[in-house]
Enquirer: 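Quick one: structure below, then a few questions.
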There are 2 protein chains.
Amino acid sequence: MIGSNPIVEALSAGGYRMTGPRRAVADLIAGHDGHFTAAELELAARERRLDISRATLFRALDLLTELGVVERLDLPTGEHAYVPCAPAHHHHLICSRCGRATDVADCGVAEAVGEIARRSGYRIDSHRLELFGLCRHCQAKTTTDA
Amino acid sequence: MIGSNPIVEALSAGGYRMTGPRRAVADLIAGHDGHFTAAELELAARERRLDISRATLFRALDLLTELGVVERLDLPTGEHAYVPCAPAHHHHLICSRCGRATDVADCGVAEAVGEIARRSGYRIDSHRLELFGLCRHCQAKTTTDA
DNA sequence: ATTTTTGCAAACCTTTTGCATGGAA
DNA sequence: TTCCATGCAAAAGGTTTGCAAAAAT
């Protein structure tokens, strides 16, 4: 967990100052592989006695979203959550149980989108696909632990 | 605009009471073919001197969402919006300029989703695809009127 | 030294809730 | 007449902002 953190790297690559709070947020996120809400992150920070004000936390999340190392997504419940991810186009596959998010390559989505464009006459500029289900691990554990 | 309104129908089919506010919301939505936020709908109601309290408006939107005649979606900006739609699985193609939303049939998305499931090992329970672009009409009007 | 970032606290915006009143069936 | 739905107003979230102090370059 010590060592290169892609988020830290993105910050310095972007010319942003490396501050305590930002580093803390970066580490918090890096040590977390599911999606998380701002509130959850705040709680995690408090538990580890990292003192980050809410405003700073939101500002950091905004920044990281802009840098593309984190993406904001909308859960089916309407909650806003964030997932760490590589700054490239991809889709998110989210486990409804453990919250783990996996980046998904295209797998034919682009083609389908092209077909939709053709049929509708729209010029499609962007699309967002969010997939929800159970990861392999959680399927195996049937409905055991929380 | 007088006559059958699918929203009104869905309400009565669902066994809900047909009240003034609900009818007003139904008409407001039916007379609007783009997406809209709760705030926009509230404004529209006020302009037409329809007196609907905010609480009622939100309650109506919830109800209509449950009935599946309206769907809540998340714009790229993070705003919550609603679109009127048929109660079946489909995707939304949204014009970034005029806000009009079109329901889109599958066009190969299901296959792509299947492929993603196969490769990832996830059991995919649901997915949501939102497409953003310019409708034919707005493409034609290049960048003219708002 | 300069510029960015932070923390605080208040403001804001959106959505929800409790409860008494009013309206549909 | 009996429930369901509404309005109000307050509360509850979630997120943003202004500004002075603190920290990074």
Side-chain angles (χ1 to χ4, degrees), chain A residues 5 7-29 35-46 48-67 70-82, chain B residues 5 7-29 35-46 48-67 69-83:
Chain A
N5 174 328
I7 298 181
V8 169
E9 278 167 29
L11 281 171
S12 63
Y16 293 94
R17 295 186 178 174
M18 183 48 48
T19 66
R22 281 179 181 159
R23 159 139 242 135
V25 170
D27 288 344
L28 236 28
I29 293 175
H35 57 68
F36 51 87
T37 62
E40 286 164 357
L41 204 58
E42 193 192 0
L43 180 64
R46 193 147 2 101
R48 298 182 199 188
R49 265 149 263 271
L50 299 172
D51 238 357
I52 303 165
S53 80
R54 194 169 304 168
T56 297
L57 202 157
F58 275 100
R59 286 190 276 232
L61 286 173
D62 271 6
L63 181 55
L64 297 179
T65 299
E66 236 167 65
L67 291 173
V70 140
E71 195 165 309
R72 185 170 172 166
L73 57 87
D74 302 287
L75 303 183
T77 61
E79 284 180 302
H80 286 152
Y82 297 84
Chain B
N5 173 326
I7 298 182
V8 170
E9 278 167 29
L11 280 172
S12 65
Y16 293 94
R17 295 185 178 175
M18 183 48 48
T19 66
R22 281 178 182 163
R23 160 139 242 136
V25 170
D27 288 345
L28 236 28
I29 293 175
H35 56 68
F36 51 87
T37 61
E40 285 164 357
L41 204 59
E42 191 192 1
L43 180 64
R46 196 153 352 108
R48 300 182 197 188
R49 266 148 263 270
L50 298 171
D51 238 357
I52 305 163
S53 79
R54 191 169 305 169
T56 298
L57 202 158
F58 275 101
R59 285 189 278 233
L61 286 173
D62 270 7
L63 182 54
L64 297 179
T65 299
E66 237 167 64
L67 291 172
V69 290
V70 140
E71 195 165 309
R72 184 169 174 168
L73 58 87
D74 302 287
L75 303 183
T77 59
E79 284 180 303
H80 285 151
Y82 297 83
V83 285

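In what follows, every chain begins at residue 1, and chains take the letters A, B, ... in the order their sequences are listed.
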Enquirer: Whole-Å distance between dT14(C) P and Leu61(B) CG?
Expert: 14 Å
Enquirer: Please give, in whole Å, the distance from dT15(C) C1' to Glu79(A) CD?
Expert: 14 Å
Enquirer: Roughly, in whole Å, what's the span from CD1 in Ile52(A) to C1' in dG7(C)?
Expert: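 It works out to 12 Å between those atoms.
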Enquirer: I need the Leu41(B) CG to Leu61(B) CG distance, nearest 0.5 Å.
Expert: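 Rounded to the nearest 0.5 Å, the CG-CG separation comes out at 6.0 Å.
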Enquirer: Starting at atom CD of Glu42(A), determine the distance to atom C1' of dG13(D), rounded to an integer number of angstrom.
Expert: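 So the CD-C1' distance, Glu42(A) to dG13(D), works out to 12 Å.
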Enquirer: Rounded off to whole Å, could you give me the OH-to-P distance for the Tyr16(B) and dA5(D) pair?
Expert: 8 Å
Enquirer: Where the side chain of Thr19(B) is concerned, which of dT15(D), dT5(C), dT6(D) is the nearest nucleotide?
Expert: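 Given the options dT15(D), dT5(C), dT6(D), the side chain of Thr19(B) is closest to dT6(D).
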Enquirer: Write down the distance between CG (Asp62(A)) and P (dT4(C)), rounded to a whole number of angstrom.
Expert: 18 Å
Enquirer: According to a strict under-4.0 Å criterion, is Thr56(B) in side-chain N/O contact with OP1 or OP2 of dG7(D)?
Expert: yes
Enquirer: Over 60° means perpendicular and under 30° means parallel, so tell me whether Tyr82(A) and Phe36(A) are parallel, tilted or perpendicular.
Expert: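 Aromatic pair Tyr82(A)/Phe36(A) classed parallel.
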Enquirer: Considering just the side-chain nitrogens and oxygens of His80(B), establish if one lies under 4.0 Å of OP1 or OP2 belonging to dT14(C).
Expert: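 The answer is no; no side-chain N or O of His80(B) sits under 4.0 Å from OP1 or OP2.
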Enquirer: Given dT5(C), dG18(C), dT15(D), identify the nucleotide with an atom nearest to the side chain of Arg59(B).
Expert: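 Of dT5(C), dG18(C), dT15(D), dG18(C) is nearest to the side chain of Arg59(B).
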Enquirer: Quick one: the side chain of Arg17(A) and the base of dT3(C), do they pair up donor-acceptor inside 3.5 Å?
Expert: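 Answer is yes: a donor-acceptor pair is held.
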Enquirer: Considering only dT6(C), dT15(D), dT15(C), which nucleotide approaches the side chain of Pro21(A) most closely?
Expert: dT6(C)
Enquirer: Is the distance from OP1 or OP2 of dT14(C) to the nearest side-chain N or O of Thr37(B) less than 4.0 Å?
Expert: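 For dT14(C), neither OP1 nor OP2 has a side-chain N or O of Thr37(B) closer than 4.0 Å.
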Enquirer: Are more than 12 heavy atoms, taken from residues, nucleotides or ligands other than Arg72(A), located less than 6.0 Å from that residue's CZ atom?
Expert: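 Result for CZ/Arg72(A): enclosed.
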Enquirer: Would you indicate whether the side-chain heavy atoms of Asp27(B) and Ile7(B) approach each other to under 4.5 Å?
Expert: no
Enquirer: Could you tell me whether Ala39(A) contacts a base, only the sugar-phosphate backbone, or nothing, with contacts defined as non-hydrogen atoms closer than 4.0 Å?
Expert: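 Answer is nothing: Ala39(A) stays at 4.0 Å or more from every strand.
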Enquirer: Both Ser53(A) and Ala55(B) contact DNA chain C. Which one's nearest nucleotide lies toward the 5' end?
Expert: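 Closest to the 5' end, via its nearest nucleotide, is Ser53(A).
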Enquirer: Give the rounded distance in Å between these two atoms: CZ of Arg54(B) and C1' of dT14(C).
Expert: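 Arg54(B) atom CZ is separated from dT14(C) atom C1' by 8 Å.
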Enquirer: I need the CG-C1' distance between Asp74(B) and dT14(C), as an integer number of Å.
Expert: 14 Å
Enquirer: Between dA5(D), dT14(C), dT16(D), which nucleotide has the shortest distance from any of its atoms to the side chain of Phe58(B)?
Expert: dT14(C)
Enquirer: Flag the pair Glu71(B) / Thr65(B) as yes when at least one side-chain heavy-atom distance between them is below 4.5 Å, and no otherwise.
Expert: no
Enquirer: With a 4.0 Å limit, can you tell me whether Arg22(B) has a side-chain N or O closer than that to the phosphate oxygens OP1/OP2 of dA5(D)?
Expert: yes
